[in-house]
Amino acid sequence: MPTTTPTDQIALLKKIVEPTRDERALPAQIKELERTIKERLPEALEKNAPPDFPALYFDFCYIYDKFYDFLLFRPLIGKTVVALGGGFSSGKSTFLNMLLGGARLLPTAVTPTTSVPAYVLHGTDERARAVNLFGARVAMQVADIRTLSHGFGEDDESDELPLGHLLRSVFVETPRQPYARIAFLDTPGYSKPDSAAYSARTDAAIARSQLNASDHILWCIPADAGAISTDDVNFLKSLSKDIPKLIIITKADKAPSDEDLRRMADGVRETLDRHGIRYADVLTSARGKHAACDREAIESYLTKLDEGKRTADFAYQFKKLFTQCKNYYDETILEEKRRLAGLNRALTHVGDVPEVEEGLAAFAREMKEKIRALTDTKEDLKTLQLEFFTELKAVADEVRIALPEPSEIDLLEDRRTDAAAVVKSVLKKRSLTVDSGLLHEMQRELQNVPLAINKHPGGSDYKEELLALLQEELAADGDAAHP
Ligand SMILES: Nc1nc2c(ncn2[C@@H]2O[C@H](COP(=O)(O)OP(=O)(O)OP(=O)(O)O)[C@@H](O)[C@H]2O)c(=O)[nH]1
Ligand SMILES: [Mg+2]
C-alpha cells in the first residue's frame, strides 16, 4: 500500500529544494557573524594554526549549525539537547519511538534509515518542520518524515531514494514526548567510508561533530552484538569528554537470556572503564515489554535530566575552539622560549668559532621570529574572540538565547577535568590495576568534589592559578603557625 502518491512526493520534493532562505526571519547581524565564522576565523589562523585546528573548526561549524537550528526553530531555546548516537540499525529511532509511548513516528528499518537529524520535542499539537541545505525553512506534515527516509521507490521495485539527504534538520513537536525541557535528537547511525552502509550523512566525522554539539548523549549498542564493538569504543573515545553519556543496550529481547544481558552490561562497563571512557550508567532496553529491562531507570534518568539545570550552553561550546588554540599558543611559546634560552646559553660557550656562532645566531633569530609570529596570532585570536562573541550576542539577544557578555567569556569556567580519568591514567602509567567497580564508585564520588585548579595543565594560566593557590595555602598555614 503506497503511503504517499507520486504527486505527494513531488510536492514534498518541491518544498525541500526551495533555495532561498528567508532573511527577514533571521536576526539582522547574522551575515557578519557568518563571515566571521566562514572567512575571518580561518584567515586569522591560516598560518600558525594548532595541528588539531581542522577537527576543532569542523566541530565549531557544527555548533554554529546547531545554533542556526535554534534561530529557525525557536521552541528549541532553553531545551537540553539529548542526542542518540550509535552504529546504524543500533535501534536509536526505535528507542525514541518507545519513549513516545510506542508511536511509529520515526522511521525504522534494517537498512540505514534515518537520513536526516531529527529533533523531537514536547508540544501541545503534533507538527513538523525542517531546514533544507540552503538554510531555508520547510513546512511539513508529520507523515512526511517517513517519506524522507524511504522517498521515491518505497512502493515499487526500484531502489529507494531518500529525500532526507536534502535537509539539514527536521523538527517534530508532539504531545507524546513527555519531557518538556528535553529536545531529543535522532541522528543517522555512523559508518566508516569503507562500509556498505556509508553515505555522506552516515560519515563518522559528521556524526561525531553532531554529537559533540549536543548537551547529552544516549549511546545505543544492540544486545544481539553481545559486546561493545571496537568501532564503538574508538568512536566514544573521540567524543568530547565533558558531554555526559548514558549507554543503552537496545534490542534486549534479542539477548539469549537475561543472564547473558546482565553479563553483557557488565562487560560493556568493564570495557569502557578499561578505555577510560566516562559514562553515567549502562542500562538495557527493548522495543516491547521485557522483564529484564531497565525501563524505569531510563525514565527516571530522563526525568532527572528534564528537571535538572541545563549543563551546557552555546558560549561554552563555541569557546572550546578559542581555549584550545590559546592553550596551544601558550604551550608552544613557552617551549620555544625555553629552547631559545638554551640556545643563548650555548652561544655564550661557543667562544671564538665565528662560523658556529653565526649559525647559532641565525637559528636564534629564527626562533625569535617564530615566537613573535605565534604571539601575534594569539593576540589576533583574542581580538577575534571578542568580536565573534559580540556578534553572537547581538544575534542571540534578538531571539532571546541567553548568552554571557563577551567580556565575561574568559571567566566562563572550563568544564571540570575527570578526576577518575586522571587517577586511571596514573595507574596505567605505573602499570597498576584496580577493580573497575571501585573506579566507577570513585568516579561517582568525585563528581561533586570542587576543582582546585580548572586550567589546562602546563599552560601559563595553570601556572598562575597554581601559584595563587600555593600562596593562599602557605599563607593560611603560616597564619596558623604564627597567630
Ligand atoms: N527485536 C527487536 N528489534 C529491534 C528493537 N529495536 C530495533 N529493532 C530493529 O532493529 C532495526 C533497526 O532499528 P532502527 O530503530 O531503525 O535503528 P537506528 O539505529 O535508528 O538505525 P539508523 O537510523 O539506520 O541508523 C529495525 O529493523 C528494528 O525493527 C528491539 O528492541 N527489539
Ligand atoms: Mg534511525
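Any value given below was found using the heavy atoms of this structure, including those in side chains, with hydrogens, waters and symmetry copies removed. Counting starts at 1 for both ligands and their atoms, in listed order.
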List every atom of ligand 1 that sits less than 4.0 Å from any heavy atom of [X], numbering the atoms from 1 in the order shown and giving each element.
X	result
F88	25 (O)
G189	25 (O)
A286	31 (O)

Does the ring centre of [Y] sit less than 6.0 Å away from the ring centre of [X]?
X	Y	answer
Y119	F73	no
Y279	W219	no
F314	F70	yes

[atom]: nearest protein contact (heavy atom, Å):
atom	answer
atom 31 (O) of ligand 1	R287 N, 2.7 Å
atom 14 (P) of ligand 1	T94 OG1, 3.5 Å
atom 17 (O) of ligand 1	G91 N, 3.1 Å
atom 12 (C) of ligand 1	A109 O, 3.3 Å
atom 19 (O) of ligand 1	K92 NZ, 2.8 Å
atom 5 (C) of ligand 1	K251 CG, 3.4 Å
atom 24 (O) of ligand 1	T113 N, 2.7 Å
atom 22 (P) of ligand 1	S89 N, 3.6 Å

Does G86 come within less than 4.0 Å of ligand 1, judged by its heavy atoms?
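The answer is no, since G86 has no heavy atom less than 4.0 Å from ligand 1.
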Check if T250 has a non-hydrogen atom at a distance under 4.0 Å from any atom of ligand 1.
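Checking ligand 1 against T250, which is what was asked, there is no heavy-atom contact under 4.0 Å.
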Quick one: does any side-chain atom of R287 pair with a main-chain N or O of G91 as donor and acceptor, under 3.5 Å?
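Between the backbone of G91 and the side chain of R287 there is no qualifying donor-acceptor contact (under 3.5 Å).
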Do the side chain of K92 and the main chain of L84 share a donor and acceptor less than 3.5 angstrom apart?
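No; zero donor-acceptor contacts below 3.5 Å.
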Do [X] and ligand 1 have an N or O pair less than 3.5 Å apart?
X	answer
T108	no
A252	no
P188	no
S90	yes

Do NZ/NE/NH1/NH2 and the carboxylate oxygens of K66 and D69 come within less than 4.0 Å?
no
Is it true that E34 and K38 make a salt bridge, defined as a side-chain N closer than 4.0 Å to a carboxylate O?
no
Taking backbone and side chain together, does S93 place any N/O/S atom at a distance below 2.8 Å from the Mg ion (ligand 2)?
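It does: S93 brings an N, O or S atom closer than 2.8 Å to the Mg ion (ligand 2).
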For F388 and F322: C-alpha separation, side-chain torsions, deciding distance, then whether ring pair (Phe, Tyr, Trp, His ring centres under 6.0 Å) applies.
CA-CA 10 Å; F388 167 76; F322 294 101; 5.7 Å; yes
Determine whether L26 and L72 make a side-chain contact, defined as any pair of heavy atoms from C-beta on separated by less than 4.5 Å.
yes
Does CD in Q141 sit with more than 12 non-hydrogen atoms of other residues, nucleotides or ligands closer than 6.0 Å?
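Atom CD in Q141 is not crowded, with 12 or fewer foreign heavy atoms closer than 6.0 Å.
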Taking atom CZ as the centre, does R104 end up with more than 12 heavy-atom neighbours from other residues, nucleotides or ligands that are less than 6.0 angstrom away?
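Result for CZ/R104: open.
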